[in-house]
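Protein chains get the first letters and strands the later ones, always in sequence-line order, with residue 1 at the start of each. Keep in mind the model is a prediction, meaning the values are calculated, not measured.
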Amino acid sequence: MTPLNDEKLAALRAALLEPDLSGTKYRLVSQIGAGGMGTVWEAEDGELGRTVAVKTLDDGDRDSPLGQRLLQEARVLARLEHPGLVPVHDVGTLPDGRPYYVMKIVRGARLDEHVSAVSSLSERLRLFHRLCEPVAFAHARGVLHRDLKPQNVMAGPFGEVLVMDWGLAKVLGEKEVRAAGQNPGAAGLTGAGVVLGTPGFMAPEQSAGDPGAIDPRSDVYSLGAILEFLRNEPGLSDRGNRRLSAIVAKAMAPLPDERYPDVPSLMADVAAYLEGASISAYRERPWERLFRLARRHQTALVLLLAYLVARAFVFFVYRR
Amino acid sequence: MPLFPSTQWSVLAAIRAGDASEKARALETLSAVYWRPVYLYLRTRWERSPEEAADLTQEFFVELLARGLLEKYEGEKGRLRTYLRVCIDGFVANEIRAAERQKRGGGLTFLPIHLDACQEEMETSLSSRRETPEDAFEKEWARSLIGVALKRMKSDFEEKGRSIHLSLFEICDLGTASGETPSYAELAERFGIRTSDVTNWLALARREFRRNVIEVLRELTGSEREFRQELRALSGREAGRVS
């Protein structure tokens, strides 16, 4: 067999991961992205005439550990209906045995790419607050994400924020799917001593590979790491802000008991910070409290001062 | 049933196992995929003459076994492809006298490398190459690996009497001399089958192609992680947006 020419070689290489959707109602358009577990493709739903995203494994059938993970991700997303989560439309198996699921296509940019376009701290904090919402919602339904990081958050063109990649999610009370060593960027947490997650965003108990120690506070830690990322990314540095530092420190406390007990508590502090109200993570000195209240009620204070000056003026004029 | 059992035969495991026939088979697979990249790397990175590069390519594979370099490779630490390139650099930098290499090669004289057949074609392509030696190594690795997979697929199809499947794949995916791909209706007429058969048989051939590529790649990688990285690299799709 004569060696392949460059053009044919490139075509064969590109086709290696492409899913054969010929037996389905979907038509492959292009690749959108790639994650640790598989590849995401843009496709056309021929029946409904809409664009969708199809996530496939690069290799492995539905009974393989990664196949189980992919299907679990689809099931987790299907049970969590929230504007901050991508709805799943369909699951199936390709002719070569690889499982896939079909979901709404998400336009926008990953948070790590999008953050430089958000110049003010308050805007970033509002964005952070929105990304906490689906996580809190999932926790309320017994689902932990376990791999929260800026790369797994999408910011849409209309201000929408979506939490993606639930491939490592754990459903509390359900038996864990074993998928050790699956993920090049991050690997799975399935049994004792096996670590899944991303260094830098992973809680210490998660790094230690102790699945029994992981609870919603592990996600709180990761959210704290995202908050830290948002306030320190280029274009904005806010290290001198003690109150915000205290929120990050409390969310990222090494011991779970010292963290926020849940995501809503973290969100409440971020919202209070944005409103200029007191926060649970920081005990203010009297002068700091005074200064904060002055800033919070700036308009009322100016009006009051103006009133007092006017009264003083009237008092001194008529006294003569 | 899983398509790709974890107990699959592996070049590295066969070399470590020490059985002579398994070692020879492993070397055959390894050299079938790597001799072209090694030859081109020696020509471009080390600027060896065609004759020298041909000799050194042969000697390099003998050295790999004689010095137990493959046994030292650790799959978790990096890719075999990168490791072999580093080995070539070390091999050339510390060139040992030919007689000494011959001696250490022991009785292992069989090397299934047929440089003559493709040397001319590679030499012709050298003048038009614009890549770095490292990129050329990667591209030749992909070309050879896919070539080995195609050879296996061809042999398997011939054995199973699937010559039309193979022809369809060759016409549609490997290209015709004219550069034009006939329509499915034309192919159906040419082979005396239905148009729907063209679709189905071509799909089957493509699945078999993919299966063979994955089989060869699994044989040549040392860990699951390396396999996944190399599959991405082979497909030319590096990680992008994560979902």
Side-chain angles (χ1 to χ4, degrees), chain A residues 1-18 20 22-23 31-40 53 55 58-64 66-67 86 94-98 103 105-106 108-110 113 149 151-152 154 162 164-165 167 180-185 187, chain B residues 1-6 36 76 117-118 121-122 125 128-129 139-140 142-151 153-154 169-170 173-175 179 199-200 202-204 206-211 213-214 217-218 223-229 231-243:
Chain A
M1 198 173 270
T2 51
L4 298 159
N5 65 35
D6 283 359
E7 192 188 339
K8 289 294 163 191
L9 177 67
L12 287 175
R13 290 178 74 171
L16 270 178
L17 294 182
E18 280 180 9
D20 174 9
S22 55
Q31 181 186 348
I32 299 174
M37 197 160 53
T39 305
V40 183
K55 187 169 185 175
D58 290 344
D59 178 46
D61 63 11
R62 56 189 299 144
D63 293 331
S64 66
L66 281 178
V86 187
L94 298 171
D96 61 18
R98 287 182 288 161
M103 58 186 155
I105 195 156
V106 178
R110 281 182 354 193
E113 297 159 350
K149 56 185 174 182
Q151 291 87 342
N152 284 345
M154 290 289 291
L162 292 110
M164 315 286 287
D165 209 336
Q182 61 169 23
N183 197 339
Chain B
M1 196 183 97
L3 288 177
F4 312 111
S6 56
R36 281 178 65 98
E76 292 300 329
C118 293
E121 166 260 316
M122 283 196 289
S125 75
S128 58
R129 281 182 178 271
K139 190 190 260 185
E140 287 314 311
R143 198 191 311 272
S144 299
L145 197 149
I146 286 176
V148 169
L150 284 170
K151 209 171 160 185
M153 175 181 156
K154 190 177 177 189
F169 183 79
E170 285 174 346
D173 289 14
L174 302 185
T199 310
N200 294 335
L202 190 57
L204 187 143
R206 285 173 177 158
R207 284 202 296 278
E208 279 302 297
F209 165 68
R210 182 184 142 79
R211 190 186 63 75
V213 169
I214 282 174
L217 191 59
R218 279 204 180 272
S223 67
E224 183 66 20
R225 179 180 168 158
E226 187 196 358
F227 165 73
R228 293 192 179 282
Q229 284 178 337
L231 182 57
R232 278 279 164 81
L234 190 62
S235 71
R237 298 172 194 277
E238 295 301 333
R241 200 178 90 186
V242 178
S243 177

Chemist: Less than 4.5 Å apart, side chain to side chain, heavy atoms only: is that true for A:L9 and B:K139?
Modeler: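 With C-beta onward as the side chain, the pair touches.
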
Chemist: First locate atom CG of A:L4, then atom OG of B:S144, and finally report the distance between them rounded to the nearest 0.5 Å.
Modeler: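 Going from CG on A:L4 over to OG on B:S144, the span is 9.5 Å.
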
Chemist: List the atom of B:R207, the atom of A:P95, and the distance in Å for their closest heavy-atom pair.
Modeler: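 That would be NH1-CB, 3.3 Å.
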
Chemist: Within the 4.5 Å heavy-atom criterion, are A:D96 and B:R211 side-chain neighbours or not?
Modeler: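 Of all side-chain heavy-atom pairs linking B:R211 with A:D96, none is under 4.5 Å.
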
Chemist: Closest heavy-atom contact between A:D58 and B:R210?
Modeler: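 Residues A:D58 and B:R210, closest heavy atoms: O-NH2, 2.8 Å.
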
Chemist: Please look at B:R36 and chain A and tell me whether the side chain, the backbone, both or neither of the residue comes under 4.5 angstrom of a heavy atom of that chain.
Modeler: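 The side chain, not the backbone.
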
Chemist: Would you name the heavy atoms of A:R13 and B:I146 that are closest together and state the gap between them?
Modeler: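 Heavy-atom minimum between the residues: CG-CD1, 3.7 Å.
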
Chemist: Knowing that exactly one of A:L12, A:L17, A:L16 qualifies, which makes a side chain to side chain contact (heavy atoms under 4.5 Å, CB included) with B:L234?
Modeler: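 Of A:L12, A:L17, A:L16, side chain to side chain contact (heavy atoms under 4.5 Å, CB included) with B:L234 is met by A:L16 alone.
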
Chemist: Please state whether the side chain, the backbone, both or neither of A:A14 comes within less than 4.5 Å of a heavy atom of chain B.
Modeler: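 Both parts, heavy atoms under 4.5 Å.
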
Chemist: Could you go through the side chain to side chain contact (heavy atoms under 4.5 Å, CB included) check for B:D173 and A:K8 one step at a time?
Modeler: CA-CA 7 Å; B:D173 289 14; A:K8 289 294 163 191; over 6 Å; no

Chemist: Looking at every heavy atom in both B:R143 and A:D6, which two are closest together, and how far apart are they?
Modeler: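 Smallest heavy-atom distance, with atoms named: NH2-OD1, 2.8 Å.
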
